[in-house]
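Bear in mind the structure is a predicted one, so any value in this text is a computation, not a measurement.
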Amino acid sequence: MANQLLRLDRSGLVLLYIFLGTLREFGAGQIRYSVPEETDKGFFVGNISKDLGLEPWELAERRVRIVSRGRTQLFALHPRSGSLVTAGRIDREELCETASSCFLNMEILVEDTLKIYGVEVEIMDINDNAPSFREEEVEIRVSEHATPGLRFPLPNARDPDVGMNSLQRYQLNPNSYFSLQVGGITDGAKNPELVLEGTLDREKEAAHHLLLTALDGGDPIRQGTVPIRVVVLDVNDHTPKFTQSVYRVSVPENLSSGSRVLVVNATDLDEGVNGEVVYSFRDMESKASEIFRLDSRTGEVSIQGPLDFEKYRFYEMEIQGQDGGGLWTTAKMLITVVDVNDNAPEITITSSTDSVLENSPPGTVIALLNVQDQDSGENGQVSCFIPDDLPFNLEKTYGNYYKLVTNRALDREQVQSYNITLTTTDHGSPPLSTKTHISLNVADDNDNPPTFAHSSYSAYIPENNPRGASFFSVTALDLDSKENARVTYSLVQDTIQGAPLSSYISINSDTGILYALCSFDYEQFRDLQLQVMAQDSGDPPLSSNVSLSIFVLDQNDNVPEILYPALPTDGSTGVELAPRSAVAQAEPGGGSSGPWSTSSLCHRDTHCGYSQQYPRGPGRPGQS
Ligand SMILES: *[C@@H]1O[C@H](CO)[C@@H](O)[C@H](O)[C@H]1NC(C)=O
Ligand SMILES: *[C@@H]1O[C@H](CO)[C@@H](O)[C@H](O)[C@H]1NC(C)=O
Ligand SMILES: *[C@@H]1O[C@H](CO)[C@@H](O)[C@H](O)[C@H]1NC(C)=O
């Protein structure tokens, strides 16, 4: 806007020159002044009254005035002193831009004589402008492999001042990588360029901060700067490097699946993908590939399957780290598996018997067994024991073999069977143990005879008893079992008054019940002494005898007696008991019921010993 006004003023000036051209010929001269720009209003430009040959006071009287239209605001006449002064601030750069010299022309008219004078005022430049750059910052991108000598254009600075007050030269802050070169001599201070002097390394310095300064030649010198940022672009010139060349780690075998084993780490000094390391297993046995997992991004090695010290104790692997640019390196990974007491000992019964005869001598072998533990070291050392209170010993034989033997004779009648708990424990911490049971029956040996509850028995039988009447029973117990405990009873053979005992008394061999085979007569027998034998069915059998006294009880069965003639016999047959085991005899006319049957052996008189001992007739002995 100001410039446009200025141009209008100028075209006005030209017209004025043409109009006033004739007036000048009336002997007017050219007056020259010079004034520096940017002075305050009222600054003295020149003594115009003196240069016109007038007294100062005449200026008003002779109506002297500036006729250049449009310039009046720049200069004014000071009537009292008769001098030309500035009417305002004058900016040379505004009036004349970059022209090397700046003149302003005007005319002074002396109206009473119609004389016109030309006045030329030179506006002197002062260094009021500093060089400046349009850019706030300059960024230059350069590969770290760029060769020295490479050039990069830099922006030009501007300074509207003229001459020495305008831009004279550029400067770059001192640094070892770049220098500054400025265009040809004729161009003076134009087209600065940045020249690469050294070798760049992004990993050492990723950016360089420079400062370009533009300077003018004024007094004092004014300057403008622009920062230059040189960004060094990465080249994949670094191989990843593992933090260790060998990674060693020990892991317990019971580590749960998914647990971290270790983290490998390779670093790459490059930037972006050139510095991103991807991990992988390089050389791996198949046994390891099932177990270990490597996270390709984090380098974390974890387990995905069970470790088993008893199977594999050591793994060796090679891991690779590769950057996005394809450079790679390797490291070794050694994993040692540490035993954990994870296996309980095992008991194997190699051979055993399920029964042992009682009274077997001490040292009789019951079982042979083997204990094992798959763990190693303390975890695999085992000991084996049985409860103290049993009549057995556990003897170590060979290696981890043990022998279970009796340590005394066993008695079936006391303990019929044993449930032997075998415990085996390893020496791990905490220890693991296993129990197993061996059940052992004690087989019977016929070592107990049947025994009667009493050492002797007494039995009573009233006289005139019916034949076949049971009158007493004996019982003997046998502590043994089965056959060895099956008791049979019998009477120890004897004769009474010349006749076999068995013709008077019989005993049921199974039950021990005694029967009278004939009717006793107190007047004939008052008592009988006999032995009952109880015998088991063992081999050899054992027996015991007990004495039994039978007393016949008197009843009032005798009337004063006529001794003669003799009474007739009743003609009955005698009876005898036969044991259950006796072979049954065919009985004509129907069998018999009951444990005994009539026997043809007993043909005698129904009264015990009647016919044999005492002939019928007077003088019967034994009567009291
Ligand atoms: C890898 O090692 C470098 C240098 O020792 C370290 O700065 C970085 O944090 C490590 N990375 C991991 C994931 O541990
Ligand atoms: C032996 O005893 C154990 C427990 O004490 C028991 O579990 C097992 O069944 C027993 N064995 C026999 C044959 O009784
Ligand atoms: C019992 O008596 C019989 C016959 O006299 C004899 O053979 C046997 O040995 C006796 N038994 C005992 C235990 O004395």
Side-chain angles (χ1 to χ4, degrees), residues 358-359 410-417 441-496 499-520 522 525-553 574-584 592-599 601-602 608:
E358 63 176 326
N359 301 323
L410 304 181
D411 184 358
R412 192 204 66 86
E413 285 71 39
Q414 272 177 29
V415 183
Q416 291 187 2
S417 68
N441 285 317
V442 181
D444 189 44
D445 177 36
N446 194 20
D447 56 352
N448 287 287
T451 50
F452 290 98
H454 299 283
S455 55
S456 63
Y457 293 93
S458 296
Y460 301 89
I461 182 167
E463 62 174 339
N464 301 323
N465 59 290
R467 285 187 302 149
S470 65
F471 63 94
F472 197 64
S473 75
V474 291
T475 308
L477 288 178
D478 192 310
L479 295 174
D480 292 323
S481 76
K482 297 188 180 156
E483 291 298 298
N484 294 338
R486 204 154 64 92
V487 181
T488 55
Y489 302 92
S490 61
L491 300 175
V492 175
Q493 279 305 325
D494 201 358
T495 53
I496 294 172
L501 176 66
S502 55
S503 58
Y504 299 93
I505 305 284
S506 114
I507 188 163
N508 184 316
S509 64
D510 294 325
T511 62
I513 298 174
L514 289 142
Y515 299 92
L517 296 182
C518 45
S519 188
F520 283 98
Y522 175 78
F525 290 107
R526 300 240 172 120
D527 64 278
L528 284 89
Q529 299 297 327
L530 55 97
Q531 295 260 313
V532 176
M533 181 170 81
Q535 177 174 284
D536 61 30
S537 311
D539 179 25
L542 296 176
S543 67
S544 48
N545 295 339
V546 73
S547 57
L548 173 66
S549 304
I550 301 172
F551 298 98
V552 180
L553 299 177
V575 289
E576 189 179 345
L577 294 173
R580 198 182 296 148
S581 52
V583 178
S592 65
S593 58
W596 47 277
S597 59
T598 54
S599 164
L601 292 173
C602 193
C608 295

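Residue Ile505 is tested with Phe520, Tyr515, Phe472 for a side-chain contact (heavy atoms from CB on, under 4.5 Å); the sole match is Phe520. Of the candidates Val442, Asp444, Asp445, Asp444 is the only one forming a side-chain contact (heavy atoms from CB on, under 4.5 Å) with Glu413. Each of Ser537, Pro449, Pro450 was evaluated against Val487; a single residue qualifies, Pro450, per the side-chain contact (heavy atoms from CB on, under 4.5 Å) test.
In this structure, Ser543 contributes its side chain and Ala534 its backbone to no donor-acceptor pair below 3.5 Å. Panel note: side chain Asn508, backbone Asp510; a donor-acceptor pair is recorded below 3.5 Å.
Between Ser509 atom OG and Met533 atom CE the span is 11.5 Å, to the nearest 0.5 Å. For the atom pair CG of Leu542 and CG of Asp536, the computed distance is 5.0 Å after rounding to the nearest 0.5 Å. Distance check, rounded to the nearest 0.5 Å: NE2 of His454 to CG of Leu548 gives 12.5 Å. A distance of 11.0 Å separates CG of Asp478 from CD of Gln535, quoted to the nearest 0.5 Å. Atom-to-atom distance recorded for Ile461:CD1 and Asp527:CG is 13.0 Å, nearest 0.5 angstrom. Atom-to-atom distance recorded for Ser503:OG and Ile496:CD1 is 7.5 Å, nearest 0.5 angstrom.
Taking the six-membered ring where tryptophan is involved, the planes of Tyr460 and Phe551 are essentially parallel, since the angle between them stays under 30° and well short of 60°. Taking the six-membered ring where the residue is Trp, Tyr489 and Phe452 present tilted rings, their angle falling between 30° and 60°.
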Set out, in order, the CA-CA distance, both residues' side-chain angles and the distance that settles side-chain contact (heavy atoms from CB on, under 4.5 Å) for Ile550 and Phe471, then state yes or no. CA-CA 10 Å; Ile550 301 172; Phe471 63 94; 3.7 Å; yes
Leu530 vs Asp494, test: side-chain contact (heavy atoms from CB on, under 4.5 Å). Steps then yes/no. CA-CA 8 Å; Leu530 55 97; Asp494 201 358; 5.9 Å; no
Could you go step by step and tell me if Gln529 and Ser549 meet the side chain to side chain donor-acceptor pair (under 3.5 Å) rule? CA-CA 5 Å; Gln529 299 297 327; Ser549 304; 2.8 Å; yes
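Side-chain contact check for Ile513 versus Ile507: every heavy-atom pair is 4.5 Å or farther apart.
Pairing each heavy atom of Val546 with each of Ser455, the nearest pair is CG2-O, 2.9 Å. Contact detail for Leu410 and Glu358: the closest heavy-atom pair is O-CB, 3.3 Å.
Between the side chains of Asn448 and Asp480, a donor-acceptor pair is found at a separation under 3.5 Å.
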